[in-house]
Amino acid sequence: MSEERSLNFIEEIVEEDIAAGKHNGRVLTRFPPEPNGYLHIGHAKSICLNFGLAQKYNGKTNLRFDDTNPVKEDVEYVDSIKEDVKWLGFNWAEELYASDYFDQLYDFAVALIKADLAYVDDSTAEEIAHQKGTPTEPGVPNQYRSRSVEENLQLFADMKAGKYPDGAKVLRAKVDLAAPNMHLRDPLMYRIKHAHHHRTGDAWCIYPMYDFAHGQSDAIENITHSVCTLEFIPHRALYDWFIERLSIFPSKQYEFARLNLNYTVMSKRKLLQLVVEGHVDGWDDPRMPTISGLRRRGYTPASIREFCERIGVAKRENMIDVGLLEFCIREDLNKTAWRRMAVLDPIKCIITNYPEGETEIFTGENNPEAEDGDGSREFPFSRELWIEREDFMEVPPKKFFRLGVGLMVRLKSAYIIKCDSFVKDADGNVTEIHCTYLPESKSGNDTSGINVKGTIHWVSVPHAKTAEVRLYDRLFQVENPQSEEGDFKDYINPNSLHIIPTAYIEPDLANATPGTAIQFMRKGYFTLDKYSTTEKLIFNRTVTLKDGWVKK
RNA sequence: UGCCUGAUAGUAUAAUGGUAGUACGACGGUUUUUGGUACCGUUUGUCUAGGUUCGAAUCCUGGUCGGGCAACCA
């Protein structure tokens with residue numbers, strides 16, 4: 001293997017650290033989601049990066065829930081996150097929670113108070129915001145900033161003891177109210193929230209802020225490389241400040257650009273809105289960019305990992321074309337998915353010279369990409385067939401390699417047929433196509449000497465089974481919904497879901513199993529939906545096949 | 001009018017002072033019982049103005065443009 005993929009900038013940092021003997025070459029990363037929503041493809045990028053780094057450098061990765069804000073978090077989310085990370089194919093070294101460290105974090109805060117580096121502030125949120133100044137004007141200290149250590153110690157203990165209502169007081173770090181970096185203007189460390197926490201219950205009524213929990217959690221776990229997204233760059237100075245003042249393990253933070261995918265939204269807040277307001281079926285709606293949505297849509301873990309590998313890791317803002325994701329799933333499924341025939345928009349095709357009541361059994365390989373075809377299955381042929389409506393044209397254009405009066409095509413794995421005529425109803429819709437078949441053109445021992453350009457799929461009318469088929473399209477009509485005028489929901493694609501109540505499928509498809517990808521020949525890759533039953537089969541279209549045929 | 005960031009084909013991503021390359025896309029071709037796949041080919045790029053240097057995408061200076069920062073969110 002001459003795999004000479006160049007390193008991304010974080011891998012370079014890690015290699016430099018290892019070469020320099022930092023942490024004795026030990027690499028420990030972490031994936032730190034807040035359990036306030038479902039994971040999406042953007043998280044997949046972070047997961048692949050963090051776990052990938054550890055795998056590559058013989059390290060480990062912790063799964064740590066950043067659960068410091070009880071009012072937004074829930075075990076439902078914890079469970080889904082664990083499921084999604086596992087499904088993607090990664091194993092964490094330890095399952096940890098920021099809430100595991102509440103006692104220690106409290107002690108850290110007390111230590112800072114004793115060092116006169118933190119104080120209790122009675123101001124309201126508005127007052128504090130005002131006193132922080134603006135990016136161009138420095139902040140100003142208030143009377144609480146000069147409270148004595150003893151008073152702060154007592155007040156903080158009282159906060160913890162529940163003596164004050166929500167919002168009455170906060171604990172702030174005494175950093176620099178004039179710092180150009182707004183995050184250093186005496187940031188909040190603790191706030192009072194008399195709220196039930198999904199893990200610690202009612203043990204606490206004060207909760208640490210992100211800035212006083214994340215870096216400390218990293219340090220407690222001895223994380224060597226704390227990788228996060230660009231918007232945390234301004235927090236890094238604070239991250240280092242706390243670690244230095246506390247003299248704890250010197251974890252280092254590195255930032256990369258988050259993934260942006262076009263024609264969708266990626267913020268948990270917006271995704272939550274889509275779910276709550278019923279624009280989609282739930283977090284796992286196949287149109288959602290969530291891991292669970294992609295899974296239900298038919299995406300494989302390998303395809304998502306490959307996608308994350310291909311998009312790369314850098315610091316510049318990016319907007320990835322969803323076409324790349326589609327390429328990755330097609331590439332994966334092409335090698336593995338079994339081929340079957342299904343007619344989604346049926347029109348009846350009658351083989352007028354084929355005996356009525358007769359049936360022949362034909363065989364088709366499961367996958368032409370596999371050496372031995374990956375085995376085969378049988379399907380019946382008869383006088384009346386369902387074919388795709390779009391495979392016939394009353395007035396075919398020049399290079400239309402399908403049916404039209406006088407044109408010939410091969411029926412996949414069966415005979416060559418020639419179109420002789422068609423029938424229309426009163427409204428002018430074509431209802432039937434009449435063809436004749438060439439008996440000597442039988443698939444496998446064709447002696448007709450005729451070569452046809454087109455091959456179409458078909459299903460025998462009397463033998464066909466039925467299924468509901470759900471065709472999905474992009475959820476939004478514009479590339480970047482959140483950058484458009486007005487509400488992002490104004491740009492939802494009204495045709496993102498097209499349901500075909502009754503599609504005709506070849507008999508073998510009744511044996512399809514959940515979680516298995518199938519290629520409906522010439523139509524795309526499909527998978528059984530989670531609500532599919534043996535009585536009512538439901539197929540989701542994962543992705544179409546690439547279509548090289550453009551009309552005109 | 002502050003601070004922090006970033007800028008390479010349409011989209012991403014390499015080149016770490018020495019031939020601007022790769023992938024996806026697009027376009028064209030060969031093969032094909034999927035207008036799929038596979039294979040081959042073509043196309044398009046260093047934000048800008050200076051400077052340093054034998055040599056600059058890379059280093060320096062100024063400008064332009066994008067993103068972030070003033071939540072008791074993470």
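Computed from a predicted model, the values in this text were never measured in an experiment. Basis for what follows: all heavy atoms, side chains included, without hydrogens, waters or symmetry-related copies. Letters go in sequence order (proteins before strands), and every chain restarts at 1.
- Here E388(A) does not pair with R522(A) in a salt bridge; the nearest charged N to carboxylate O distance is not below 4.0 Å.
- Comment: E390(A) engages K523(A) in a salt bridge, judged by a side-chain N to carboxylate O separation of less than 4.0 angstrom.
- Counting non-hydrogen atoms under 4.0 angstrom, V452(A) reaches nothing in the nucleic acid.
- Salt bridge D122(A)/R147(A): present, at least one basic N to carboxylate O contact under 4.0 Å.
- Considering only the side chain of R410(A), rU33(B) comes nearest among rU5(B), rU33(B), rA70(B).
- A donor and an acceptor atom sit less than 3.5 Å apart, one in the side chain of S443(A) and one in the base of rU33(B).
- Rounded to whole Å, the distance from CG on N181(A) to C1' on rC69(B) is 7 Å.
- Computed from coordinates, the K315(A) NZ to rC4(B) C1' distance equals 10 Å when rounded to whole Å.
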Show each protein N/O and nucleotides 63-67 of chain B N/O combination with a separation under 3.5 Å, one pair to a line.
| unit_1 | atom_1 | unit_2 | atom_2 | d |
| --- | --- | --- | --- | --- |
| rG67(B) | O2' | E317(A) | OE2 | 2.8 |

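- The stretch residues 360-377 of chain A touches RNA chain B through P368(A), E369(A), each having a heavy atom under 4.0 angstrom from the strand.
- rU31(B) and rG45(B): their P atoms are spaced 33 Å apart (whole Å).
- Remark: P of rC24(B) and CG of N318(A) are 18 Å apart, rounded to the nearest angstrom.
- In the interface, the side chain of Q519(A) is paired with the base of rU34(B) through a donor and an acceptor atom under 3.5 Å apart.
- Separation of the Y144(A) and Y119(A) ring centroids does not fall under the 6.0 Å cut-off.
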| task | Let me see the working for Q216(A) and F242(A) under side-chain contact (heavy atoms from CB on, under 4.5 Å), right down to the final yes or no. | result | CA-CA 8 Å; Q216(A) 286 73 354; F242(A) 281 126; 3.1 Å; yes

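- One cannot find a donor-acceptor pair under 3.5 Å joining the base of rG36(B) and the side-chain atoms of R330(A).
- Donor-acceptor pairing under 3.5 Å, judged by distance alone, is present between the side chain of H235(A) and the base of rA74(B).
- Rounded to a whole Å, the OH atom of Y263(A) is 13 Å from the P atom of rU11(B).
- With hydrogens and angles ignored, a donor-acceptor pair closer than 3.5 Å exists between the side chain of R339(A) and the base of rU34(B).
- For RNA chain B, the residues of residues 62-73 of chain A within the heavy-atom distance limit of 4.0 Å (strictly under) are D66(A), T68(A), N69(A), K72(A), sorted by number.
- Within a 6.0 Å radius of NE2 in H130(A), other residues, nucleotides and ligands contribute 12 heavy atoms or fewer.
- No N or O donor and acceptor, one from the side chain of R522(A) and one from the base of rU34(B), sit under 3.5 Å apart.
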